[in-house]
Amino acid sequence: MKIATWNVNSIRSRLDHVTQWLQANPVDVLCLQETKVVDPDFPRSPLEDLGYHLYISGQKSYNGVAMLSRSPLADVQIGFAAVLGDDVAEMDEQKRVISGVAEGIRIVNLYVPNGSAIGSDKYDYKLRWLAVLRDYLRAYLADQNPDALSVCGDFNIALEDKDIHDPSKRETHIMSSDVERAALQAVLDLGLSDAFRHLTDEAGHFSWWDYRTAAFRRNRGWRIDHHYLSPSLLKRVKSCVIDVEPRKLEKPSDHAPVIVEL
DNA sequence: ATGGCAGTTCCTAACTGA
């Protein structure tokens, strides 16, 4: 089973890239982030014509997540409140969370807040959001027996220095501060492991490159798009690959897709 | 120290992203 995650930076601007990529890489489930479109305007037909079932949660201009699956997903749940109740409804105003079950695996698709700048209001929101995420994933893990939880998406955090082209300023940079890393690590301490790092210790593998300063050509990137697996799934992982090919196209997303095979 | 690139909308300026 292949599951992919890809921040497309607008599904309408990236529709051709996504359809071409799916034809070459017919994964079982594709999780998209930053679709940037309200649900009635989501370009469903070109993706359904490829044989995918669509599950979407979008908003105007910003954020937005979607799941494409070759087989229908069971028990699709949108937002934190679907699991944690109305106490966290405020956290669902930004559309960043969707999940569903395929082949008995609960697949969660996340777009973690960027955080803007350390100490900003958006940064505080990012940290609060990650605290809610921990409660949300704990509930899914408690539900699953045996454990079968796969969590992917754009995490907007690089956990290790080897996930950053230049870690020299990492403590003052958004996405790499100790506080952000600790907040994500607290989530992972529930019992989730990075599929990519399970398979390689190598530095220099990135999933996002700034549009500016020819960052992709110089491979000045960050590895911030991840697949996290519960223990029983980690035993089944065959590969976890970052596909840099779409990043080479004209008008690309600034992120590359990441594919895990179980 | 700054801005650089890209997408979207209240669209030719301002915002958000990372």
Side-chain angles (χ1 to χ4, degrees), chain A residues 5-19 31-43 56-66 91 93-97 109-130 133 152-184 196 204-226 242 244 246-258:
Chain A
T5 179
W6 193 2
N7 179 323
V8 289
N9 188 18
S10 170
I11 185 59
R12 287 178 293 182
S13 288
R14 225 63 63 203
L15 185 58
D16 288 348
H17 288 194
V18 172
T19 55
C31 297
L32 302 177
Q33 304 89 35
E34 280 209 272
T35 52
K36 292 187 172 180
V37 65
V38 293
D39 293 351
D41 294 341
F42 194 101
I56 61 180
S57 177
Q59 66 182 85
K60 191 167 66 172
S61 303
Y62 305 116
N63 312 312
V65 285
M91 278 290 177
E93 289 174 12
Q94 299 181 18
K95 305 307 180 190
R96 300 177 175 277
V97 178
N109 174 21
L110 303 174
Y111 176 44
V112 177
N114 167 273
S116 188
I118 292 175
S120 66
D121 289 348
K122 291 190 175 71
Y123 181 76
D124 293 339
Y125 180 82
K126 180 179 194 173
L127 297 176
R128 292 202 312 276
W129 195 95
L130 287 164
L133 176 64
C152 70
D154 175 0
F155 284 79
N156 272 320
I157 295 172
L159 269 183
E160 299 181 276
D161 288 356
K162 62 189 172 191
D163 298 323
I164 310 172
H165 68 89
D166 174 13
S168 63
K169 294 175 184 168
R170 67 143 194 99
E171 180 51 32
T172 58
H173 197 293
I174 196 68
M175 304 192 292
S176 55
S177 67
D178 285 337
V179 173
E180 288 165 87
R181 286 179 173 182
L184 178 53
F196 188 86
H205 295 278
F206 308 127
S207 64
W208 171 82
W209 302 260
D210 200 306
Y211 284 122
R212 298 164 291 191
T213 64
F216 180 68
R217 180 177 57 73
R218 300 154 71 192
N219 198 29
R220 296 173 61 84
W222 295 59
R223 194 175 70 85
I224 55 176
D225 300 271
H226 308 146
I242 303 169
V244 299
R247 190 64 178 78
K248 300 175 181 174
L249 301 173
E250 290 293 312
K251 305 276 285 178
S253 169
D254 42 357
H255 295 253
V258 185

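Note on naming: letters A, B, ... go to the chains in the order of the sequence lines (proteins, then strands), and numbering restarts at 1 for each one.
- Taking the ring-ring contact (aromatic ring centres under 6.0 Å, His included) definition, one finds that Y123(A) meets it with nothing, sequence neighbours left out.
- Atom P of dG7(B) sits at a distance of 30 Å from the matching atom of dA1(B), rounded to the whole Å.
- Qualifying ring-ring contact (aromatic ring centres under 6.0 Å, His included) partners for H17(A), counting only residues two or more places apart in sequence or in other chains: none.
- Remark on DNA chain B: of its neighbouring residues M175(A) and T213(A), the 5'-side contact belongs to T213(A), judged by nearest-heavy-atom nucleotide.
- Only one option out of D163(A), I157(A), L159(A) pairs with R223(A) in a side-chain contact (heavy atoms from CB on, under 4.5 Å); it is D163(A).
- With sequence neighbours left out, the side-chain contact (heavy atoms from CB on, under 4.5 Å) criterion links A256(A) to W209(A), I242(A).
- The span of DNA chain B lying next to chain A, judged by atoms under 4.0 Å from heavy atoms, is bounded 5' to 3' by dG4(B) to dA18(B).
- If you check every strand for non-hydrogen atoms under 4.0 Å, N156(A) touches sugar and phosphate atoms only.
- Residue-to-nucleotide proximity on DNA chain B shows that, of N114(A) and S61(A), the 5′-proximal contact is made by S61(A).
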Only distances under 3.5 Å count here; give the side-chain donor-acceptor pairs of residues 110-118 of chain A to other protein atoms, sequence neighbours excluded, each with its distance to 0.1 Å.
| residue | atom | partner | partner atom | Å |
| --- | --- | --- | --- | --- |
| Y111(A) | OH | E34(A) | OE1 | 3.4 |
| Y111(A) | OH | E34(A) | OE2 | 3.4 |
| N114(A) | OD1 | S116(A) | N | 2.6 |

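- Heavy atoms of N63(A) sit nowhere under 4.0 angstrom from any nucleic acid atom.
- With sequence neighbours left out, the ring-ring contact (aromatic ring centres under 6.0 Å, His included) criterion links F155(A) to H226(A), Y228(A).
- Spacing between dG4(B) and dA18(B) at atom C1', rounded to whole Å, works out to 13 Å.
- Here, dC15(B) and dG3(B) have their P atoms 15 Å apart, quoted to the whole Å.
- Counting non-hydrogen atoms under 4.0 angstrom, Y111(A) reaches the backbone sugars and phosphates but no base.
- Within the 4.0 angstrom heavy-atom criterion, only backbone atoms of the sugar-phosphate kind lie near D154(A); the bases stay farther away.
- Taking the P atoms as reference points, dT2(B) lies 23 Å from dA6(B), given to the whole Å.
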